[in-house]
*Asks:* 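This is the structure I have questions about; it appears just below.
Lettering follows sequence order; numbering is per chain, from 1.
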Amino acid sequence: MATLQLLQTQPTRTHPDHPILSLLDDHNRPPDRTHIKKIHARMLRLGLLSDPYSASRLIAALSLSPSRDLHYAHQLFDQIPQPNLFTWNALIRAFASSSTPLRSLLVFLRLLSEAPLGPDKFTFPFVIKAAADLPASRFGRAVHAMVLKSALRADVFIGNSLIYFYASCGDLGLSRRVFDGIPVRDVVSWNSMIAASTQAGRPEEALELFRRMEAEDVKPNDVTMTSVVNACAQMGDSDTERWVCSYIERNVIRRSLILNNAMLDMYAKCGNLEEARKLFDAMGERDSFTWTTMLVGYASDGDFRAARRVFEVMPSRDIAAWNAMISAYEQRGQPKETLGLFHECLKEDVIADQVTFVSVLSACSQLGMIDLGRLIHASIHKHGVTLNCHLATSLIDMYAKCGNLEKAVEVFRSVDRRDVFVWSAMMAGLAMHGHGEAAIKLFWEMQEAKVKPNEVTFMNMLCACSHSGLVDKGKMYLNQMLPVYGIAPKVEHYGCMVDILGRAGRLDEALDLIENQMPMPPRASVWGALLGACAVHGNVKLGEKAFEHLVALEPGNDGAYVLMSNLYAKSDYWDGVAKLRKRMREMGMKKEKGCSSIEVDGVVYDFLVGDISHPSYRKIYLKLNEMTSRLRSSGYVPNRSQLLQNVEDDDAKEQALYLHSEKLAIAFGLISTDSRTPIRVMKNLRVCDDCHSFAKVVSSVYEREVFLRDRYRFHRFRGGECSCMDFW
DNA sequence: ATAGGGTTAG
């Protein structure tokens, strides 16, 4: 009886173990591709391939060796008369850890229909791993169902891979159910569950599991501690950090490279760069994770030079290192440097990935470089990079912020999986272009698609209401946030509501919201919104109040002084203007210079007020003169009320309205682009009334579409009208 | 003859 069972489970041996097979797994000399092919040829001549055992050994070597050739392995597999389960498993395993895990699933399906014996305890972990990495959630659930119906339902290896599978499908609850259902859990079961909780952003649960693990006397190892350290990093308090470090010391946990990297990351995340540096110096072995973690640590600590130094001296730079450096530039608001580094990265033949493109697209939208953005979109398309939600969000954002709303909508419609960020980016784009109602419609469409709104969504919704003057809708959504959607409004949401009310002239309501209804103290931005509204509606008294609150919170806020000064000027209160100027002078404060930029033939040109640094500035000023007289005869009257926008005496001369930076950029656009190309100008500050009406007339007199993005929103000028309907 | 868990970048 025992012999019979052995015969059934052991592979059939028709030949004795041929010496050539030992060449396949010589660990001192792993066979390279040509070597394997030679062995293959010899095996063919020896007739060894008709022996399932020998053929399987060859397939395994082909699929698993460092220089594996899965295509070759697959072809060979198809030629074997009777692949045994070991052979099937080797192939399923190889594909599971390849770049095409889908093939693993396909081979598994073939196994089900073709193999005389079903999958075994080795097959399941491989195929479940493939399903997890795709992730193929329905497929994985079906495999799980097969496991439950089989005799393998209590297998701890399979259980552990199912924990991993459900975690990567984002269903922590099901991971937990599998975990709870494993009769005899081992350390890997605990590690998988703790890691799943950590990765789902639930550090408290991870630490709770760790305590239970200890209570049940399962000894944690370095892998356990890696996840626990990661959880502590997420908790972000220094007590937890000290506790985990001393635990690792006391229990003599092996300090693997990965554990050290995780600890490095924890120190860096807690802003403890000194400790991070100490550990870094003490580490005997370092890899690209180590260096990149240090880089990111310095960058997020604000020590940009140290970050750059790490980048310069690290022994090799993979795409993750480049991405870290590129995104550091991007987040510092240095889009030109971001793009410069991106070009260097391409020159070094490092293959850009989705993360790279996310940063680069963001730099494009900061600069308004729609042509480069388009180019990147095209190359993403060409390289068959799949649009994940991050990338789709960046593309939508880039097109919207560069003025091509149609293209943004096109991208939005073309992606099949949309997360809350994709939806929110589209709503923000519509809002920015003044399509408030459309943004609100999208909000409902999003909920029909069963995607839950988050804080960002509501910020964009309120912005939409603000840009379109939808006061009651804005109030309604703000009031619904907590009771209906379970999201507590933050100070930014209240700031936006103040803006909505203020623009509509309901200044008292806005003040009441700030003083009596907000559950938190107002921040500078909230008073700023109120001050802005007072400036629009000429309410000096309330404006002064908002201004004093604002500068108390942010003494260096030059925008506050400009707004207040405009408000005084508008109300003919010149003493006020003078007093403000004096105050600014005493503080040594300078107004942020207005700067407009325009992209022509892939180059971004910046213009400051009265700028004469451009090589062809004479031509630009001539054009501007010509334009001004042509526009005057078409009814353009310079609006001098904002002449005093700038409170700096010294450059008052340059402050003549017609030298405003956006006018220079538009003039340059007219002389340097094709007559059918829209002119796209980006401005760092808000556009002033005069430039706004200037652009309107340009769009009709010169029959050119003009896009003007300011700090706040988008203006699209066509045929003498602006998309904002003069409401901004 | 074959297995599972962990670290960086948005």
*Asks:* Output the rounded distance in Å from CG (A:L91) to P (B:dA1).
*Replies:*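 Answer to the nearest Å: 20 Å.
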
*Asks:* Which part of the nucleic acid, if any, lies within reach of A:K129 when heavy atoms closer than 4.0 Å are counted: base, sugar-phosphate only, or nothing?
*Replies:*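 Contact class for A:K129: sugar-phosphate only.
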
*Asks:* Rounded to whole angstroms, how far apart are CZ on A:F86 and P on B:dA3?
*Replies:*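 Roughly 9 Å, once rounded to whole Å.
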
*Asks:* Hey, is the side chain of A:Q199 poking within less than 4.0 Å of OP1 or OP2 on B:dT7, counting only N and O atoms?
*Replies:*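 Checking B:dT7 against A:Q199, a side-chain N or O does come within under 4.0 Å of OP1 or OP2.
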
*Asks:* Distance alone, cut at 3.5 Å: any donor-acceptor contact between the side chains of A:T198 and A:S227?
*Replies:*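 No, because no side-chain N or O of A:T198 sits under 3.5 Å from a partner of the opposite role on A:S227.
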
*Asks:* Under 4.0 Å, heavy atoms only, any strand: does A:D397 hit a base, just the sugar-phosphate, or nothing?
*Replies:*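 Nothing, no nucleic acid heavy atom in range.
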
*Asks:* Between B:dA9, B:dT2, B:dA1, which nucleotide gets closest to the side-chain atoms of A:R57?
*Replies:*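 Looking only at heavy atoms from C-beta outward on A:R57, the closest nucleotide is B:dA1.
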
*Asks:* So, OP1 or OP2 of B:dT7: does either fall under 4.0 Å of a side-chain N or O from A:N230?
*Replies:*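 Yes, A:N230 has a side-chain N/O under 4.0 Å of OP1/OP2 on B:dT7.
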
*Asks:* Nearest 0.5 Å, what's the CG-CD1 distance between A:D349 and A:I351?
*Replies:*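 Here the interatomic distance stands at 7.0 Å.
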
*Asks:* Whole angstrom is fine here: how far is it from CG in A:L85 over to C1' in B:dA1?
*Replies:*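 Whole-Å distance recorded here is 12 Å.
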
*Asks:* Is there a donor-acceptor contact under 3.5 Å linking the side chains of A:S56 and A:N84?
*Replies:*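 Per modelled atom types, A:S56 and A:N84 side chains form a pair under 3.5 Å.
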
*Asks:* Name the nucleic acid region contacted by A:S256, choosing base, sugar-phosphate or nothing; use a 4.0 angstrom heavy-atom cut-off, strictly under.
*Replies:*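 Base contact.
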
*Asks:* Can you tell me how far P of B:dT7 sits from CG of A:L259, to the nearest Å?
*Replies:*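 It works out to 11 Å between those atoms.
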
*Asks:* With respect to the side chain of A:A320, which nucleotide from B:dA9, B:dT2, B:dA1 is positioned closest?
*Replies:*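 Side chain of A:A320 sits closest to B:dA9.
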
*Asks:* Is A:R211 atom CZ crowded by more than 12 heavy atoms from other residues, nucleotides or ligands, each under 6.0 Å away?
*Replies:*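 Enclosed: over 12 neighbouring heavy atoms sit under 6.0 Å from CZ of A:R211.
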
*Asks:* Looking at A:D186 and B:dG4, is any side-chain donor or acceptor paired with a base atom of the opposite kind under 3.5 Å?
*Replies:*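 Yes, a donor-acceptor pair under 3.5 Å.
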
*Asks:* Contact class for A:A195 (heavy atom, under 4.0 Å): base, sugar-phosphate, or nothing?
*Replies:*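 Sugar-phosphate contact only - A:A195 comes under 4.0 Å of backbone atoms but never of a base.
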
*Asks:* Check whether any side-chain nitrogen or oxygen of A:S327 sits under 4.0 Å from OP1 or OP2 of B:dG10, and answer yes or no.
*Replies:*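 So the side chain of A:S327 is within the cut-off, an N or O lying under 4.0 Å from OP1 or OP2 of B:dG10.
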
*Asks:* Among B:dT7, B:dT8, B:dA1, which nucleotide sits nearest the side chain of A:S56?
*Replies:*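 Per side-chain heavy atoms of A:S56, the pick is B:dA1.
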
*Asks:* Atom CZ of A:R93 and atom P of B:dA1: how far apart are they, to the nearest Å?
*Replies:*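 It is 15 Å, rounded to the nearest whole Å.
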
*Asks:* Pick base, sugar-phosphate or nothing for A:Y164, based on heavy-atom distances below 4.0 Å to the nucleic acid.
*Replies:*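 Here A:Y164 touches the backbone only, sparing every base.
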
*Asks:* What nucleic acid atoms does A:D353 come within less than 4.0 Å of, heavy atoms only: base, sugar-phosphate, or nothing?
*Replies:*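 Since a base atom lies under 4.0 Å of A:D353, the category is base.
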
*Asks:* Taking the side chain of A:F289 as heavy atoms from C-beta outward, which of B:dT7, B:dA3, B:dA1 is closest to it?
*Replies:*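 Among B:dT7, B:dA3, B:dA1, the one nearest the side chain of A:F289 is B:dT7.
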
*Asks:* Roughly how many Å is it from CD1 in A:I163 to P in B:dG6, rounded to a whole number?
*Replies:*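 Going from A:I163 (CD1) to B:dG6 (P), I get 11 Å.
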
*Asks:* Taking distance alone, no hydrogens or angles, what donor-acceptor pairs closer than 3.5 Å link side-chain atoms of residues 338-348 of chain A to residues at least two apart or in another chain?
*Replies:*
| from | atom 1 | to | atom 2 | distance (Å) |
| --- | --- | --- | --- | --- |
| A:T338 | OG1 | A:E330 | N | 3.2 |
| A:T338 | OG1 | A:Q334 | O | 2.8 |
| A:H343 | ND1 | A:L339 | O | 3.2 |

*Asks:* Which nucleotide wins on minimum distance to the side chain of A:V156, given the candidates B:dG10, B:dG4, B:dA9?
*Replies:*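 Taking heavy atoms from C-beta onward, the closest nucleotide is B:dG4.
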
*Asks:* Indicate whether any N or O donor in one side chain lies under 3.5 Å from an N or O acceptor in the other, for A:R308 and A:Y329.
*Replies:*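 A:R308 vs A:Y329: donor-acceptor pair found between side chains.
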
*Asks:* What is the distance, rounded to the nearest whole Å, between atom CG of A:D155 and atom P of B:dG4?
*Replies:*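 After rounding, the gap between these two atoms is 12 Å.
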
*Asks:* So, for A:P135 and A:C169, which heavy atoms are closest and what is the spacing to 0.1 Å?
*Replies:*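 Of all heavy-atom pairs spanning A:P135 and A:C169, the closest is CB-SG, 4.3 Å.
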
*Asks:* Classify the nucleic acid contact of A:V296 as base, sugar-phosphate or nothing, counting any heavy atom under 4.0 Å across all strands shown.
*Replies:*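 A:V296: backbone/sugar contact only, no base atoms under 4.0 Å.
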
*Asks:* Classify the nucleic acid contact of A:N89 as base, sugar-phosphate or nothing, counting any heavy atom under 4.0 Å across all strands shown.
*Replies:*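 Base contact.
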
*Asks:* Which nucleotide sits closest to the side chain of A:I258: B:dA9, B:dT7, B:dT2?
*Replies:*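 The listed nucleotide nearest to A:I258's side chain is B:dT7.
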
*Asks:* On a plain distance test, is the side chain of A:D222 in donor-acceptor contact with the base of B:dG6 below 3.5 Å?
*Replies:*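 By the distance-only test, yes, there is a pair.
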
*Asks:* Can you check whether any acceptor in the base of B:dG6 is under 3.5 Å from a donor in the side chain of A:T224, or vice versa?
*Replies:*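 By the distance-only test, no, there is no pair.
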
*Asks:* Atom CG of A:N160 and atom C1' of B:dG6: how far apart are they, to the nearest Å?
*Replies:*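 Interatomic distance, CG of A:N160 to C1' of B:dG6: 14 Å.
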
